[in-house]
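For reference, the structure is listed below as structure tokens.
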Protein chains: 2
Amino acid sequence: MTIYDISKQAGVSIATVSRVLNGSENVKPKTRKKVLDIIEQCGYTPNVFARGLGLNSMKTVGILCADSSDIYLAKAVYHIERNLKTAGYHSILNCTGYDLAHKKEGLSLLLNQRVDSIIMVGSNFISENEKDNQYIRDAAKQVPVMLLNGDLDCENVFCTMCDDYKSMKEVTGRLLSQKIHDILFLYHSRTYSSMKKLAGYQAAYVSMDLPLSKDLTCFFNGSHEDIDGVCDYLCNLHDKGLRFRAVVAADDMLAVGAVKYARKMNLRIPQDIKIVGYNNSILSVCSEPKLTTVDNHLELLCSQLVKTCICTLGGTSQPAKTIFSGEIILRESANL
Amino acid sequence: MTIYDISKQAGVSIATVSRVLNGSENVKPKTRKKVLDIIEQCGYTPNVFARGLGLNSMKTVGILCADSSDIYLAKAVYHIERNLKTAGYHSILNCTGYDLAHKKEGLSLLLNQRVDSIIMVGSNFISENEKDNQYIRDAAKQVPVMLLNGDLDCENVFCTMCDDYKSMKEVTGRLLSQKIHDILFLYHSRTYSSMKKLAGYQAAYVSMDLPLSKDLTCFFNGSHEDIDGVCDYLCNLHDKGLRFRAVVAADDMLAVGAVKYARKMNLRIPQDIKIVGYNNSILSVCSEPKLTTVDNHLELLCSQLVKTCICTLGGTSQPAKTIFSGEIILRESANL
DNA sequence: TGGAATTATGTAAGCGTTTACATTTCAACC
DNA sequence: GGTTGAAATGTAAACGCTTACATAATTCCA
């Protein structure tokens with residue numbers, strides 16, 4: 001069943017059928033109706049491959065994501081896909097894992113698939129090491145690239161992010177104001193986003209003229225789901241003599257690890273130790289006590305990102321960066 | 001840059017280039033090398049649209065998922081995508097939500113996209129009401145359909161699932177053996193999988209000749225993330241006089257809700273109340289106490305499902321059903 | 001060394017659209 | 001009724017591959 005069959009049955013040329021299919025203006029209403037009826041009646045659907053070949057596009061966007069099973073990234077992918085679908089685009093998902101080689105590989109698979117645009121979900125796609133961002137710049141020469149929670153100055157790269165620096169500075173500042181000066185900053189990966197959080201944490205100290213201790217900036221080197229590992233890690237630090245009365249974590253999983261640590265050490269939360277998570281994921285309400293955390297309005301970010309993507313594809317020029325503010329969600333693990 | 005450019009530069013015909021590209025046997029090694037060198041040198045990549053048009057396939061599989069932000073489904077999507085990629089296939093993701101109309105719509109979008117196969121992730125795609133499964137049967141007339149945790153007898157539909165009936169019967173049976181006869185079964189959606197779990201729960205009572213109370217089969221009607229809602233729901237049941245010394249839940253989120261309920265009611269876990277989750281998600285270790293739960297080897301299921309998919313596409317006949325057994329993970333919320 | 005069998009390569013016809021350009025139709029006006 | 005310009009429709013050439021079939025080159029053996 002092709003456009004020829006339809007054209008024959010409707011007694012018109014294939015061009016007219018094509019015009020009807022593509023909603024061209026210059027078709028007599030009567031003709032349009034006739035064609036549409038036949039199409040309906042035959043259950044004809046255009047061949048997307050042929051259309052892709054003709055238009056050099058299949059209205060498809062590539063979603064690159066290190067690990068779509070991560071709670072936060074999964075939510076992002078979900079919202080992005082839904083927004084793209086609403087705009088009439090398909091989503092090709094490619095989960096790369098966290099190492100550079102696989103990210104490059106995933107990216108080139110998507111580009112070979114001739115997607116109209118690339119969306120990189122998660123700040124882990126951009127690196128502190130500028131050289132390691134070259135692959136993004138290269139991709140941007142072919143298609144517009146959207147970064148969720150990443151920042152890169154480059155033609156044809158569009159960034160949508162939340163101001164993690166600001167949120168973390170605010171959280172840390174509030175704790176400092178409560179005369180809690182020994183705040184442990186717990187992070188997990190050296191992503192753009194983590195680094196911004198760290199910078200915010202440090203800025204809070206600096207702006208209050210308080211000394212920063214390097215020992216309190218702690219990097220957990222383990223899986224994204226290893227709550228027990230985080231707990232052990234903190235116990236270990238404790239054993240080595242490190243003391244702290246608050247933990248600000250780069251994500252909720254780390255914060256839950258801290259909660260487990262506190263329970264193990266018989267510390268009362270929040271009296272003896274305050275714990276703040278990040279992302280306002282389901283973990284923050286699963287936790288006991290529930291986590292005070294930061295919500296960065298992921299759904300909003302995603303809808304903005306897709307809007308930018310679609311407008312760019314439509315030829316409307318878009319701002320290179322859109323920055324949203326997070327919101328502190330007060331729960332039981334810290335009274336800020 | 002097309003196959004013509006390459007053929008010209010290599011001094012061969014486009015057919016030969018095509019053969020090299022597709023790994024055909026009948027190419028002289030010397031010729032192959034020459035072509036490959038030129039391709040490499042030019043950085044040529046074949047146009048997938050044209051290839052798709054020629055082959056009527058773009059090596060793409062459609063993944064249909066109600067909600068890929070759900071912890072469990074997200075993991076499934078992740079593993080499926082990775083396995084598909086390894087097999088050389090692309091994944092188009094389509095998140096439909098839970099109502100039938102949107103599922104049908106998502107499915108037809110994927111079919112119009114001419115995917116080679118459809119994978120339905122999650123038992124929510126099949127319904128108790130046989131009529132509502134017709135759309136799957138229709139799809140199966142076009143492409144092979146893979147069901148993860150769903151069961152449907154139909155030509156060209158392949159099911160990969162875990163034996164939830166068995167696992168739930170085992171869990172319930174162990175509790176009954178401990179003389180705990182007032183076990184609340186808590187579920188969340190009337191999916192195939194939930195119904196199997198319920199059947200297993202009931203079977204355990206029956207096989208031990210114990211009376212079943214209808215009141216103890218409880219349906220929570222709320223969002224997939226609403227832990228507090230579950231807690232309230234159970235408190236409400238308690239207020240209405242319902243008593244139970246154990247909860248077996250259809251997923252970990254529900255179980256965490258039960259944990260919250262227990263804490264609110266000052267019930268000790270597991271002394272006063274035993275709680276069993278399902279899925280062995282991160283929630284089960286985030287919870288305090290950690291959940292005893294059922295692991296159904298999702299990664300294995302997914303890899304098997306994709307294997308079945310790829311083999312089917314490759315023309316090798318495959319078993320219509322593959323059933324795995326779950327594993328009970330003992331943690332703190334119940335000593336089984 | 002000739003010729004059959006085998007292997008390698010080339011030619012050209014699809015695949016099903018879109019769209020520039022050509023042609024026809026038609027309403028409006030003189 | 002003839003002219004004109006706009007609107008509607010048609011024709012045919014891309015788009016860049018794959019592949020059946022035709023042809024050329026090579027191998028093998030009598």
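Protein chains get the first letters and strands the later ones, always in sequence-line order, with residue 1 at the start of each.
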Legend entry - Heavy-atom contact window of chain A on DNA chain D, given 5' to 3' at under 4.0 Å: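 Counting from the 5' end, contacts occupy D:dA8 to D:dG16.
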Minimal non-hydrogen separation, [X] against [Y], with atom names:
X	Y	result
A:C42	A:M1	CB-CE, 3.7 Å
A:C309	A:V61	SG-CG2, 4.3 Å
B:A10	B:V35	CB-CG2, 4.1 Å
A:H90	B:L109	CE1-O, 3.7 Å

Enclosure of [X] [atom1] (heavy-atom neighbours >12, cutoff 6.0 Å):
X	atom1	result
B:E130	CD	yes
A:K321	NZ	yes
B:K34	NZ	yes
B:E299	CD	no

Donor-acceptor pair, side chain of [X] and main chain of [Y], under 3.5 angstrom:
X	Y	result
B:N149	B:G122	no
B:Q318	B:T308	no
A:T60	A:M58	yes

Inset, instruction - Heavy atoms of chain A, cut-off under 4.0 Å: which first and last nucleotide of DNA chain C, 5' to 3', fall inside that, if you could look? - result: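 The protein-touched segment is C:dG16 to C:dA20.
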Inset, instruction - Report yes if the distance between the aromatic ring centroids of B:Y72 and B:H224 is under 6.0 Å, otherwise no. - result: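 Distance test on ring centres: not under 6.0 Å, no.
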Legend entry - First of B:R32 and B:R114 reached from the 5' end of DNA chain C, by closest nucleotide: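 Result: B:R32.
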Expected output is a numbered-order residue list: members of [range] with a heavy atom under 4.0 Å from any atom of DNA chain C. What is it?
range	value
residues 41-50 of chain A	A:Y44, A:P46, A:N47, A:A50
residues 8-30 of chain A	A:I14, A:A15, A:S18, A:R19, A:N22
residues 52-60 of chain A	A:L53, A:L55

Inset, instruction - Would you mind reading off the bend of the helix from C:dT1-D:dA30 to C:dC30-D:dG1 from its two end axes, five pairs each, to 10 degrees? - result: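 Comparing the first five pairs with the last five, the axes sit 40° apart.
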Legend entry - Stepwise salt bridge (Lys or Arg N to Asp or Glu O under 4.0 Å) test for A:K75 and B:E225: CA-CA 12 Å; A:K75 273 215 146 49; B:E225 299 214 335; 2.8 Å; yes
Inset, instruction - Answer yes or no: is there a side-chain heavy-atom contact under 4.5 Å between B:I63 and B:N94? - result: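 SC-SC contact between B:I63 and B:N94 ruled out.
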Legend entry - Side-chain ion pair, A:D37 and A:K33, N-O less than 4.0 Å: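 Yes, A:D37 and A:K33 are salt-bridged.
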Legend entry - Separation between CD1 of B:I14 and CG of B:D5, rounded to the nearest 0.5 Å: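 That separation rounds to 11.5 Å.
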Inset, instruction - Would you check, one step at a time, whether the test side chain to side chain donor-acceptor pair (under 3.5 Å) holds for A:S108 with A:N112? - result: CA-CA 6 Å; A:S108 87; A:N112 286 347; 4.6 Å; no
